[in-house]
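Below: one structure, written as structure tokens.
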Amino acid sequence: MPVEFISAINVNASNEVNGRGDPAIDVGFLRRYARVLEDGGFDYTLVPYNSSFHDPFGVAVALTQVTERLRPIVALRPNTMYPTVAAKALVTLDQLSGGRAVVHFIAGGSDAEQAREGDRLSKSERYEREEEYIRILRRVWTSTEPFDHAGKYYSFENFVSLVRPVHGTIPVSVGGSSDDAYRVGGALGDIFGLWGEPLADTKEQMDRVAAEARRAGRADTPRIWVTFRPIVAATDALAWEKAERILQILQGRSGAGLWSTKQRWGGGEAPANVGSQRLLAIAKRQDVHDRALWTPTATATGAAGASTALVGSYETVAAAILDYIDLGAELISIRGYDNLDDAIDYGRYVIPLVRQELARRGAVTVA
């Protein structure tokens with residue numbers, strides 16, 4: 001399959017650089033942002049989930065009505081919606097968008113954040129529930145006769161859905177860096193999401209996912225999605241100056257407020273999830289890895305989500321992205337700390353360079 005690009009939708013102009021904490025949807029901004037992504041060559045956009053933020057299904061439907069090609073990836077925590085209801089909600093989005101829906105499962109990285117909505121399962125139990133949930137969704141999407149389910153976390157009788165995905169199913173994405181994440185994602189994911197780590201560490205994780213896919217009896221493996229926060233400019237020197245300015249801003253937000261580390265971790269002082277722990281450990285090893293991977297932004301934000309940057313000129317960052325593609329990544333997520341302006345730059349300068357090089361390689365191979 002071709003290499004594809006992912007971003008993340010924003011519902012207003014608030015971001016980590018300007019530090020605004022406006023919670024309201026700005027419909028005009030949302031419409032403009034979605035069109036910037038589509039016009040810039042992005043294929044997907046993540047619609048994130050947080051206990052205090054907007055409903056991702058509503059946002060996903062809205063953005064599909066002002067775009068024609070961009071595919072929403074709805075972030076879904078299993079504790080927030082019963083699986084039969086989620087199956088129909090996803091199909092509704094899929095039908096309204098002409099078959100563009102994707103779902104990304106979040107088992108939950110913070111016990112405190114999960115507890116905000118009444119979820120007090122352990123991390124391993126959350127992955128068990130996620131596995132059961134995915135299996136239910138897929139059966140709902142394909143069953144034409146009523147069926148019963150009696151599992152550890154869900155049970156129901158005589159259920160059948162009359163609504164069907166446009167293409168017969170909906171792609172399922174799983175993410176994480178724990179043994180449980182590899183197991184569930186390797187067995188059931190169409191896509192497996194990773195945060196941006198050095199090439200060698202990324203290859204190690206990709207191999208783990210592939211091994212779990214084989215262990216589950218799959219003949220294929222999930223497509224790998226890797227996420228970065230690129231900081232780009234016309235030259236390497238200008239990009240590094242920009243990176244240092246952004247780092248100072250992020251370091252100044254360690255206390256209170258929407259963008260503070262404590263807020264992101266649900267009131268806790270440190271991340272409990274393996275992915276964030278890995279990013280912080282990598283950041284301690286050194287600041288710059290491989291061609292352009294920069295880790296101080298992970299330390300400054302407590303690695304609360306995807307937080308490592310690719311820093312450099314448009315050409316340098318495009319080359320760094322190609323390094324991960326050469327490793328086997330098929331989905332590249334790039335979203336900036338200054339979201340709208342960065343998305344415009346990626347669409348103008350970075351994505352075209354990557355696609356031009358891939359096209360050149362394809363032409364050489366054919367020749």
Side-chain angles (χ1 to χ4, degrees), residues 8 11 14 16 21-25 46-60 73-87 89-90 103-137 151-156 172-185 188-189 193 195 227 253-281 298-307:
V11 299
S14 298
E16 289 144 297
D22 183 5
I25 292 176
L46 176 67
V47 187
Y49 186 86
N50 183 281
S51 64
S52 60
F53 292 172
H54 299 97
D55 167 47
F57 283 91
V59 174
I73 304 175
V74 175
L76 177 60
R77 288 183 185 168
N79 62 295
T80 63
M81 187 179 290
Y82 205 75
T84 54
V85 178
L90 286 162
V103 60
H104 177 65
F105 278 94
I106 303 173
S110 164
D111 290 344
E113 166 67 6
Q114 293 299 121
R116 284 173 169 174
E117 295 184 297
D119 185 17
R120 295 178 177 84
L121 296 183
S122 68
K123 189 67 176 289
S124 61
E125 289 173 322
R126 295 200 292 265
Y127 272 105
E128 283 183 346
R129 178 181 61 191
E130 181 175 284
E131 179 176 1
E132 185 177 340
Y133 201 105
I134 294 170
R135 294 186 187 279
I136 291 170
L137 288 192
K152 181 174 179 179
Y153 299 99
Y154 305 101
S155 65
F156 50 85
V172 169
S173 170
V174 175
S177 296
S178 66
D179 291 342
D180 286 328
Y182 299 141
R183 177 182 57 80
V184 175
L188 298 177
W195 290 340
T227 300
R253 296 231 171 86
S254 59
L258 176 64
W259 302 108
S260 73
T261 301
K262 184 174 291 189
Q263 170 66 20
R264 293 178 178 198
W265 286 119
E269 297 293 339
N273 67 307
V274 176
S276 294
Q277 292 169 5
R278 285 176 63 101
L279 291 189
L280 293 175
T299 303
T301 59
S307 49

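All residue numbers in this chain count up from 1 along the given sequence. When reading the values below, keep in mind they use all heavy atoms of this one structure, side chains included, and skip hydrogens, waters and symmetry mates.
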In this structure, CZ of F105 is separated from OH of Y127 (nearest 0.5 Å) by 12.0 Å
Which pair of heavy atoms, one from V74 and one from A60, lies closest together, and at what distance? CG2-CB, 3.8 Å
Within the structure provided, determine whether S276 and W195 are in side-chain contact (heavy-atom separation under 4.5 Å). yes
Once salt bridge (charged side-chain N to carboxylate O under 4.0 Å, His left out) is applied, what residue pairs with a partner in residues 73-85 remain, sequence neighbours excluded? R77-E113
When you measure from the side chain of Q114 to the backbone of D119, do you find a donor-acceptor pair of N or O atoms at a distance under 3.5 Å? no
Is it the case that the side chain of S51 and the backbone of E117 share a donor-acceptor pair, with hydrogens and angles ignored and the cut-off at 3.5 Å? no
Distance check, rounded to the nearest 0.5 Å: Y49 atom OH versus M81 atom CE? 8.5 Å
Could you list the residues that satisfy side chain to side chain donor-acceptor pair (under 3.5 Å) with S155, not counting sequence neighbours? none
Less than 4.5 Å apart, side chain to side chain, heavy atoms only: is that true for K123 and N273? yes
Over all atoms of both residues, closest heavy-atom pair of F57 and A89: CE2-CB, 3.7 Å
Can you name the nearest heavy-atom pair linking P78 to Y154, along with the distance? O-OH, 3.5 Å
Would you compute the distance between atom CG of L137 and atom CG of L188 and round it to the nearest 0.5 angstrom? 10.5 Å
For the backbone of P23 and the side chain of H54, can you confirm whether one donor and one acceptor N or O come within less than 3.5 Å of each other? yes
With side chains defined as the heavy atoms from C-beta onward, is the minimum distance between N79 and L121 less than 4.5 Å? no
Taking C-beta and beyond as the side chain, do I136 and Y153 meet within less than 4.5 Å on heavy atoms? no
So, for Q277 and P271, which heavy atoms are closest and what is the spacing to 0.1 Å? NE2-O, 3.5 Å
Do E128 and E131 make a side-chain contact, defined as non-hydrogen atoms from C-beta onward lying under 4.5 Å apart? no
If you compare all heavy atoms of H104 against all heavy atoms of V174, which two are closest, and at what distance to 0.1 Å? CE1-C, 3.9 Å
What's the spacing between S124 OG and D180 CG if we round to 0.5 Å? 6.0 Å
Inter-residue atom distance S307.OG - L280.CG, 0.5 Å rounding: 7.5 Å
Atom of G305, atom of L279 and distance for their closest heavy-atom approach: O-CD1, 4.0 Å
Nearest-0.5 Å distance, CD of residue E16 to OG1 of residue T301: 7.5 Å
D111 side chain reached by R126 side chain, heavy atoms, under 4.5 Å: yes
